[in-house]
Amino acid sequence: MHWTDTHCHLNHPDLYAEWQAVLFRAQQSGVHRFILIGYDLESSQRAVELAEGSDLLYAAVGIHPHDASRCSGDTLHHLRELAQHPCVVAIGEIGLDFYRDLSPRTVQHEAFHAQLQLAAELGLPVVIHCRDAYDELLEVLRDYPSVRGVLHCFSGTAEQAQRGLELGYHLGIGGVVTFKSAETLRSIVRTMPHDRLLLETDAPYLAPHPYRGKRNEPAYLPLIAQQVAALWQVSLDALAEQTERNVETLFRLQPLRKVPPTG
Ligand code: NI
């Protein structure tokens with residue numbers, strides 16, 4: 001049994017300094033494949049550097065809505081170049097964040113559209129970040145019918161989840177599903193189609209229970225998997241098989257033939 005962490009930030013300063021140790025701990029807990037997600041140009045470059053030449057690490061490149069005001073034509077040009085690397089499997093994380101509003105909303109929209117266009121052009125899926133903006137965001141996604149992707153760390157309502165699924169998107173489920181207060185999310189997960197769920201940690205953020213509030217690591221992914229398996233009433237083996245297939249379908253990865261030995 002092995003897992004893929006579909007959303008982690010080994011490229012983030014909190015993890016980068018000891019990324020090899022972080023990877024080692026993850027492998028010891030059965031997490032063998034990682035998609036490293038960029039959030040600005042520098043972190044996207046770093047994700048590509050880490051992933052290049054590895055068949056267990058992949059990269060997504062993109063400008064987070066917080067940084068949308070730095071998403072100039074020049075930045076997009078660099079992003080387009082980075083996105084051509086064979087280790088890049090998605091554009092992201094991109095989207096809208098009306099909770100923190102760190103970039104003006106019109107600017108967030110512009111950056112989002114530009115990067116969706118890039119994804120459409122390159123035939124890559126997208127990794128979507130959204131907070132307090134699902135209705136607007138889903139309207140935007142409707143304009144890009146050829147693009148598929150994942151609504152990372154999904155935090156919307158059941159109705160918004162339904163609309164996302166109808167548009168062909170996956171839901172990224174992370175540590176929040178283990179929080180006491182997350183009853184809405186658990187009920188969404190319980191009834192959603194099994195072929196649309198991706199497991200993710202979002203490390204170093206959003207550590208699952210009982211590490212809530214601490215620095216998160218991909219090694220904690222199995223804690224999230226246990227919660228999902230309980231909600232679906234399936235075995236961990238069955239869940240791993242399903243979610244690995246989901247990862248391989250969306251990001252067009254080859255199945256892992258042999259899990260490398262750990263320890
Ligand atoms: Ni993230």
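In each ligand, atom 1 is the first atom listed, and ligand 1 is the first ligand listed.
Screening the protein for N, O or S atoms under 2.8 Å from the Ni ion (ligand 1) yields 4; no waters enter the count.
Here S72 contributes atom OG and H78 contributes atom NE2; the two are 8.0 Å apart, rounded to the nearest 0.5 Å.
Under a 4.0 Å N-O distance rule, the pair R70/E42 does not qualify as a salt bridge. Between E110 and R105 there is no salt bridge, since none of the side-chain N atoms of the basic residue sits less than 4.0 Å from a carboxylate O of the acidic one. The pair E166-R142 fails the salt-bridge criterion, with no side-chain N (NZ, NE, NH1 or NH2) lying under 4.0 Å from an Asp/Glu carboxylate O. The residues R163 and D135 are annotated as salt-bridged, a charged nitrogen and a carboxylate oxygen being separated by less than 4.0 angstrom.
Inter-residue side-chain proximity for T4 and T243 is flagged as unmet; no heavy-atom pair is nearer than 4.5 Å.
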